[in-house]
Amino acid sequence: MVFRLTQRRTPAQDLSIENTCCSLSLHLIKQVYFLFQLDDQEFDIPQVETAPTLESILNEDSLLEVEPDPLLPDDFALSTLEVEELEEGGLQPQQQEEEEVVSEEEEEETATTVPASLWIKDPSLPAVERDEVLHCVTLKGISAQILSAVGRVEGGGPTAMAVCGIIAIGTSTGQLLIFDPSQVLKLCLGSQALGAQHGPITALGFNSEGTRILCGFARGKILQWDVESGKLLRTIASVVPVGNAVITVKFTDDPTVAVCNDSAGSVFELQFKRSLGAKTWDSRCLFNSEKGMVRCVEPLHLREEFSGHPAAQLLLLAMVSLRKLLVVCQRPEARVIHASPLAKVHGDCVPSLSWHFLRLGGSADPALAFCQGSCLSLYHVRFGSESISVVKLKEFNFHFEIMNSKWLRPRTMLLVDTVERIHAVDRDSGEELQELELENMALVSTAAPHQINQASEEETTATPMEYKMISYQSVCAHGGEVTILGTKSVRLVTLKTWEERLDCLVKQEHYGQALALAWKFFERSAKAVVGLPGDNEMRKEMVANKVSELLLAYVQLSLRRCPEQGKLQVMEEYFQKTIPLCVTCCIKFNKMGVLFGEVYEKLIQHAVALGVLFECLQPHISAGRLTSIPPLVMKDMVGHYEDQGMTELLDDLIPHLDVMTLDLHQAVSLSRQHRLYDALIFVFNKGINDYITPIEELVGGMASASHGVKPDEQMTVGNKILVYISCCLTGQAYPFGVIPDNMVETVKSQVFTCLTSIQAKGIDASQEPYPFIRTLLQYNTREFLNVLALAFEDLEQNRQAIEFHQRMIDILLQVMLESTDFSPSQIGSLFTFLARQLAKAEDNLFVNRQLFHQALDFLCNPEDTTQHAERQQALLELLQAGGAAYFEENKLLCMAEAVHFFQVCEFVYEQRRLYHRIVTCYLKDPARKDQALQYLHDIISSAELTEDERVLFQNEVFCNLQELLALGARQTASLVLRHFQDSIPLVMETLQQDAKLLFEFLHGVFNPKVEPWPFKDASLLGHDCHERYLELLCQNHPSWALEFLKLSDMYRPEEAVEIMQRHQVHDALAYLLESQGNTQGAFSVHMENLKLSLQTAEPPASSEETGGIWEGSEPLQAVHSLLRDLIAFCQRASVTLDSKQREDLWFPLLDFLMSPSEQLQGSLSSEMEMGIKDLAKEVLDGMTAYIPLMAILQRLMQDPVYSVGKYGEIKNLIFGILDAYIYEKTLLEATSNLLSQDLHWSLCSLRAAVTRGLAPVHKRCGVCAQQYTRATGHGDRVVLFSCGHIYHHACLQGSLSQQEGQAEEWACFKCHAPNKKWTPITPKRATQGPQCLELDPGQIAASDCLRRVFKNRSRISILMDLIRQPSSSMDSSKPGSDIFRNTGILESADLKLNLAPPPLID
């Protein structure tokens, strides 16, 4: 029967199937997986009614028990149906049928989920997310003793701890427990009676040898014990004041000196002595709590290797007060070497200090870690030749509050936060390496006072503060270990070794992260590293060996978890996620032996995994990271790429490999079969030292192809062979590298010999000679010649090199000149090459000059009309390369002109400095005719022309002026005006004969449509030119005449008026008359123009509304535009006219619009007449600013047309007039109100400033310095100035008299200076009473000062300035406008104050 994939199998069956499948090739695995037969009875396989077909099995998705695989990413999922683990009964029938039914669309989607081309062959190492650097263990022996003591009635809980190889724990009953390193209780010092007398133990401190221990109590007592014998050595009772607890007591490096800190904030130094055999002690206060409270102290302890350091003689001590961080030197005398202020933090924040020796800048110096709140600061103590300095290195801020800090290693610190979590932190970067929670720890805290008096510098009040969680005695560091004391347990925290960190990740099956972490160890970028040697090579070797073990385990696990059931694509996708990482790590760690040894042996049993391995090697080989592969592996790899149809990749891979690892026969055969040209060249060059065979094979293949046909394949071969020959002739290896020095000359000689051979192997001998050179020239002549030129530059100038050079030139001439297969461009490239080589050879080469003449005849053949541009370019390149020396210039010019090689002619003329001839070349050349003007500008602007050359150039320009004007009138005219100004009369006289040409020339200068208008060029021509252009402009473009008149001011007005009248250009004529002051004449011209336009305008066929007739017809729109111009003219003219003249100007226009039929010849349609009358409203709007409203109304009422029954026609006009009157009246009233309010505000401000009182700024006289209230004997009058200075009247009078000799005028004595202004006060004014009916000069000065101080402008002043604001649209060139009168926006059509006095009615 057929074996079903959903059937369970035993491990033995799995192994048998795996071994069988792996021994077959890839194209048979599908059939073996689905056709493998088993014994039904042996394995108790139930019978089925109908056996499934092979097609149904192949189209069925496999049902796999999918488990989370730590080797794969989270987003990777197998393309199979996921099922849950069921009991031994298997799937229910209905569920089984549902799982087996899969549509064809789902099959296609599953098959294309992850295309094979998208998988990453060179993955980067994953990020390390679960690196655990801390190792925390519970000291069970000591913890049991603590629990036992707490459980006993007479026992007490732990209160303090000290560690120095041995562990000492103090209890609340005053007992001291000493444990040896094996956690065995060694001593129990003290008793309950001692605890009852002195209180709980609050501080402990070992000496550096661990033989003495100081024990501080809550009631201030300090005891010294001998740890070895258990004897009490000293009892220190009178150091700490009664009622204060001992917070810290520690030995210094001097075993006879210790320091202690009490709860009041005082710091004491203890000195231990022997006097007459008795153990005595002495003390001194280093810091008195009356000056401030010290919260933490930490002495510096030096290890034995640093005993010779200068710090050993100083006994450094770090202290933290409420406001400062202090570093104190105790020897030879106590002094502060550093004091830095602290940042303000919450009062509950507990400071922490910790010393360590660090190697900074090549020397080992003490480093101090200071923590407070969430901030960690590092300080470096530098020892100079004569001084000691403390420098702040770094500062880090964390998201938690720090309670204690200790050094684990020189680069790693351990921080304890207030919620009993420990944090490993890197010293250099401040990065948090790991966070570990101390579960059920209940950290021991030292008892502290509830109130502490904080002294202030200026105040004597006390501020109560409280401590919380003081853990100085419950966290101890020694020998790279941190011991933490809890109420029920003691825990030891250390750093894991590097191997333990890797093993931890492997145990969790995070192989990718383990390998990434190993790479950090390898390149020395990992943090908190323990266990690796300092030597770089030894460290790399140790890590690489460990990585080898990890890789083998990783590969084994990958193979074991391979999804054996399902499609090949599923297995490929699986290995594409695992194998690339193995390959990347082997190459990174330089473990090629492991990759092609143990790993390859494991993967060779699985064909799919092996194929993925071969494909993963591609990016590493291409990047040059992998250059050597064992021959057997390389043979299998080449076979795999060939089977998979990826041979094109081998063309890039093989040149990057060591040729000794290749099967040369296999590589050559494969390269020839699949046209791998780079690989073929590499194998012959590196493997056989044969540089000729690739040329013979590749060029021979090109020569056998049909002439003139260049398919893509031939293009590729041609490009490769040219690059290959260039590399060989220049000493470079192809496709990269260099040829060995001892073979460079040999390779060059062999390649030259091969190229110059008459016949070639594999090419028919009956063909033309020199097949290699001929083929390469036919493929790409220019590039092949460039290759030869580059090779000849590197040749040494010896006899053999010259012979090679000469022979190659002779062959090139023979091949190209005796054949008709080459184009003119190719022939030109050859002679260009020859000219350059002859110029460099210095008469060492010989070429028959007659050949150059033949080439010239060939390129300048007048009968050949094809490839004109190509032949001209070839000849031009030949001349530029030095070929001009081989030709006679006159003959060359004649031949070039005959075939229209104008660029060649330009080259020759430029050599002769005949620049004027070049102008003709540009004009005759259709391809470059548009560049003639630019060339003219460039040449004439240069300073290289001589006087004669300039004259010739000028004559050539004048001869071709017509063509130049056709190319660009403005550029030509500008060129003539700026560079040939003296010849302008000649040009004008010449152009007078042709009016059209003259207009083009003048239009190039005066064109009014050009922006900006060329004022500078126009000023170079006289008034006759301007007037001539004006007349020509009226003939060609009469609508532009007005714009020209506005721009130019070089014409004569009388002549311009005649021209305008002659050509009947009305708008320009009206402008001229207006500018001459002839207002009535200009008005008449405007009216005639308007009437003429109305007579020629025809209304549309039908119009529903009267106003609509002006919107669709172009003539009617012109009439409307003329009317607006006429209204604008009347407004401009009304400014300078009196009321009678204004009425004579406006009323005729109004009468014409009210009755147009009476003033026009011929009758108008009713619709046209009504449309014209509608325009009267615009005239009324324009004239109301200059004509009184009553006069306008009377004019309308007295019109005979409206004497009977015509009110309806003028009703809208009358209403418009009334609306304008109401509007202007409202504006006038508003303006009057604003003016009154601003005047009232100004007067009130002035009155307040004048009547305000003055207050003196000093109490003493500015002269005698006595109080002004004290009498001086000359009266009690005083003088107070506005500046605030006050004087006695007599003192000020005497001082001013002595200095100036003027008693009439007074000024402030202190403010009086030549560069200061003041208002004098006369004695007469000072003696007058306070009643003052008018403003005196002082008050006037105060008013002026007030006006300067109050810069806020009044509203009416703003409006007035707005009215006087210059309008941006003002045209000073228009007639009737006064440039000295600035109009504002309020005079615009939209916002105009149409104010006028009411008319006088008799």
Side-chain angles (χ1 to χ4, degrees), residues 668 671-672 675 677 680-681 683-685 688-711 713-730 734 743 745-792 795 799-823 826-827 829-830 833-834 837 845-848 851:
V668 171
S671 300
R672 287 173 174 169
R675 297 181 177 86
Y677 303 113
L680 181 67
I681 295 174
V683 171
F684 274 104
N685 291 170
I688 317 175
N689 286 335
D690 185 359
Y691 292 83
I692 305 303
T693 302
I695 299 177
E696 295 176 348
E697 291 193 11
L698 298 183
V699 179
M702 294 174 61
S704 61
S706 59
H707 296 289
V709 179
K710 292 184 178 181
E713 183 68 24
Q714 191 171 358
M715 290 286 293
T716 303
V717 176
N719 292 335
K720 288 183 179 294
I721 194 61
L722 286 177
V723 176
Y724 172 65
I725 293 174
S726 177
C727 291
C728 292
L729 295 180
T730 56
Y734 181 84
M743 293 185 61
E745 297 299 328
T746 304
V747 171
K748 290 182 180 180
S749 177
Q750 291 178 357
V751 172
F752 272 122
T753 303
C754 176
L755 292 176
T756 57
S757 58
I758 300 177
Q759 299 295 333
K761 180 174 62 176
I763 300 178
D764 189 3
S766 61
Q767 294 186 0
E768 296 178 349
Y770 307 109
F772 293 147
I773 293 179
R774 187 181 305 277
T775 302
L776 294 174
L777 287 172
Q778 290 175 348
Y779 169 70
N780 194 328
T781 304
R782 187 185 300 273
E783 293 302 326
F784 178 62
L785 293 177
N786 289 339
V787 169
L788 295 179
L790 186 62
F792 290 149
L795 287 179
R799 182 176 180 181
Q800 183 179 5
I802 295 175
E803 291 178 357
F804 273 133
H805 205 168
Q806 183 68 52
R807 176 171 172 76
M808 181 62 68
I809 290 175
D810 295 339
I811 294 173
L812 292 174
L813 291 171
Q814 178 181 350
V815 169
M816 296 192 70
L817 296 183
E818 295 179 0
S819 175
T820 60
D821 297 336
F822 296 96
S823 65
Q826 293 174 315
I827 297 296
S829 299
L830 171 63
F833 167 77
L834 293 178
Q837 296 302 313
L845 298 178
F846 172 76
V847 175
N848 191 355
L851 296 177

Heavy-atom side-chain proximity of [X] to [Y] below 4.5 angstrom:
| X | Y | result |
| --- | --- | --- |
| Gln814 | Asp810 | no |
| Leu812 | Phe784 | yes |
| Leu790 | Leu729 | no |
| Tyr734 | Ser726 | no |
| Phe833 | Thr781 | no |
| Val747 | Asn689 | no |

*What do the steps show when you test Leu777 against Leu830 for side chain to side chain contact (heavy atoms under 4.5 Å, CB included), and what is the final call?*
CA-CA 10 Å; Leu777 287 172; Leu830 171 63; over 6 Å; no

Could you measure the distance from the [atom1] atom of [X] to the [atom2] atom of [Y]? Nearest 0.5 Å is fine.
| X | Y | atom1 | atom2 | answer |
| --- | --- | --- | --- | --- |
| Thr716 | Tyr677 | OG1 | OH | 7.5 Å |
| Met816 | Ser823 | CE | OG | 7.5 Å |
| Leu785 | Phe792 | CG | CZ | 9.5 Å |
| Arg672 | Leu680 | CZ | CG | 6.0 Å |

*Quick one: list whatever passes side-chain hydrogen bond (donor to acceptor under 3.5 Å, both in side chains) with Thr693, sequence neighbours left out.*
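Asp690.
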
*How would you list, by chain and number, every residue that makes a side-chain hydrogen bond (donor to acceptor under 3.5 Å, both in side chains) with Arg675, sequence neighbours excluded?*
none

*Looking at residues at least two apart in the chain, or sitting in another chain, which of them share a side chain to side chain contact (heavy atoms under 4.5 Å, CB included) with Ser757?*
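In terms of side chain to side chain contact (heavy atoms under 4.5 Å, CB included), with neighbours along the sequence ignored, Ser757 is linked to Phe772.
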
_Arg807: which residues meet the side chain to side chain contact (heavy atoms under 4.5 Å, CB included) condition with it, sequence neighbours left out?_
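With sequence neighbours excluded, Arg807 shows a side chain to side chain contact (heavy atoms under 4.5 Å, CB included) to Thr756, Tyr770, Ile811, given in chain and number order.
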
Considering all heavy atoms, the nearest [X]-[Y] contact:
| X | Y | answer |
| --- | --- | --- |
| Gln714 | Met702 | NE2-O, 3.7 Å |
| Cys728 | Lys748 | O-CG, 3.6 Å |
| Gln759 | Pro769 | NE2-CA, 4.3 Å |

*Given Leu776 and Val787, is the side chain to side chain contact (heavy atoms under 4.5 Å, CB included) satisfied, shown in steps?*
CA-CA 11 Å; Leu776 294 174; Val787 169; over 6 Å; no

*Report the C-alpha separation of Ile773 and Met808 in whole Å, then their side-chain angles, then the decisive distance to 0.1 Å, and conclude whether the side chain to side chain contact (heavy atoms under 4.5 Å, CB included) test is met.*
CA-CA 9 Å; Ile773 293 179; Met808 181 62 68; 3.6 Å; yes

Table please: side-chain donor-acceptor pairs of residues 717-725 below 3.5 Å, with sequence neighbours left out.
residue, atom, partner, partner atom, Å
Asn719, OD1, Tyr779, OH, 2.7
Asn719, ND2, Met715, O, 3.2
Lys720, NZ, Asp678, OD1, 3.1
Lys720, NZ, Asp678, OD2, 3.2
Tyr724, OH, Asn685, ND2, 3.1
Tyr724, OH, Tyr691, O, 2.8

*According to the salt bridge (charged side-chain N to carboxylate O under 4.0 Å, His left out) rule, which pairs have a member within residues 772-782, sequence neighbours left out?*
Glu768-Arg774, Arg782-Glu877

